[in-house]
Amino acid sequence: MLIPGKTDKSGRSANPLLTPQQERERLRDLARRAEQELAGVQMASMDELTLLSNRHGFTALARLGLNACREVGTPATLLYFTLDEFKRMNYLYGRAKGDDALKTFADVLRIGFRENDVVGRLEGDRFVALLTGSSVVEIEAIKARLDEILDERNATAHRSYDIRFRVVQVEYDPIVHDSIEDLLGEAERVMSR
Ligand SMILES: Nc1nc2c(ncn2[C@@H]2O[C@H](COP(=O)(O)OP(=O)(O)OP(=O)(O)O)[C@@H](O)[C@H]2O)c(=O)[nH]1
């Protein structure tokens, strides 16, 4: 059998129009292009600043999570976060410090949640986490855990401000929520009350 880029015993290449050397280059080129496309897909679903999923990436992953929960009949909970006084922090200390605060908070969420929880940054200071397959989610316990991690970060950061957050919780109900967009919409409404 002729394998692209390899010659058979008689020195023939898989594509008779290409030399083995040209064929190897062509394969390398194809592999490079595939890698670039994959990186493009990853970039399109990732928030560049925090390296969490962006709204697009979060929605896609959370949709899969909710579908699985609906099929298996396990609960899911959406947590929706905003940072306190973020606009003021930007205004008083500069946008770069605001960016630092966003990155720090993203780290806190990464540390605070399990690997199979879906965590993302929607935009600005709005973050989300979809917890699936767990039994009842104790929001107070989660808040306490995140506060503890944040306190450590606040204590060692030597900043003139502390990062604080607000979180609301919406339980997924397959009868009420047709989609992840419905769940997000409800969380946004609860948050803005
Ligand atoms: N540093 C930084 N600021 C951002 C970024 N994206 C959005 N912002 C700013 O984030 C701010 C968000 O404002 P708000 O949602 O009103 O935040 P807030 O002051 O915490 O208000 P509440 O949520 O009501 O407490 C705006 O000033 C945006 O300009 C970003 O990537 N980096």
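In each ligand, atom 1 is the first atom listed, and ligand 1 is the first ligand listed. Since we're looking at a predicted model, the values are computed, not measured. Along the sequence shown, the residues carry numbers beginning at 1.
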If we number the atoms of ligand 1 from 1 as shown, the ones under 4.0 Å from a heavy atom of Asp99 are 1 (N), 2 (C), 30 (C), 31 (O), 32 (N)
Using 30° and 60° as the class boundaries, would you call the ring planes of Phe81 and Phe113 parallel, tilted or perpendicular? perpendicular
In the protein, what heavy atom is nearest to [atom], and what distance, to one decimal place, separates them?
| atom | value |
| --- | --- |
| atom 29 (O) of ligand 1 | Arg95 NH1, 3.6 Å |
| atom 7 (C) of ligand 1 | Gly124 CA, 3.4 Å |
| atom 17 (O) of ligand 1 | Asp125 OD2, 3.3 Å |
| atom 11 (C) of ligand 1 | Phe86 CD2, 3.8 Å |

If we ignore hydrogens and angles and just use 3.5 Å, is the side chain of Glu148 paired with the main-chain N or O of Arg145 as donor and acceptor?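 Flag not set: sc Glu148 to bb Arg145 has no pair under 3.5 Å.
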Give a yes or no answer on whether the side chain of Arg121 reaches the backbone of Gly124 with a donor-acceptor pair at less than 3.5 Å. yes
Test: [X] and [Y] ion pair at under 4.0 Å:
| X | Y | answer |
| --- | --- | --- |
| Asp125 | Lys87 | no |
| Arg33 | Asp29 | yes |
| Asp84 | Arg166 | no |

Examine [X] against ligand 1 and note whether any of their N/O atoms are separated by less than 3.5 Å.
| X | result |
| --- | --- |
| Asn90 | yes |
| Gly98 | no |
| Lys87 | yes |

From atom 25 (O) of ligand 1, work out which of Arg126, Arg166, Lys103, Glu85 has a heavy atom at the shortest distance.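 Looking at heavy atoms only, Glu85 sits closest to atom 25 (O) of ligand 1.
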Compare Glu123, Arg164, Arg121 and give the one whose heavy atom is closest to atom 30 (C) of ligand 1. Arg121
I'd like to know if atom 22 (P) of ligand 1 has any protein heavy atom within a distance of less than 4.0 Å.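 Flag for atom 22 (P) of ligand 1 set to false, no protein heavy atom closer than 4.0 Å.
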Is it the case that the side chains of Tyr161 and Arg88 hold a donor-acceptor pair, with the cut-off being a distance below 3.5 Å and no angle test?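 Result is no, nothing qualifies.
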Side chain proximity check, Leu78 to Gln169, heavy atoms < 4.5 angstrom: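 In short, these two side chains do not touch, never coming nearer than 4.5 Å.
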Is the contact between Leu83 and ligand 1 made by the side chain, the backbone, both, or neither, using heavy atoms and a 4.0 Å cut-off? backbone
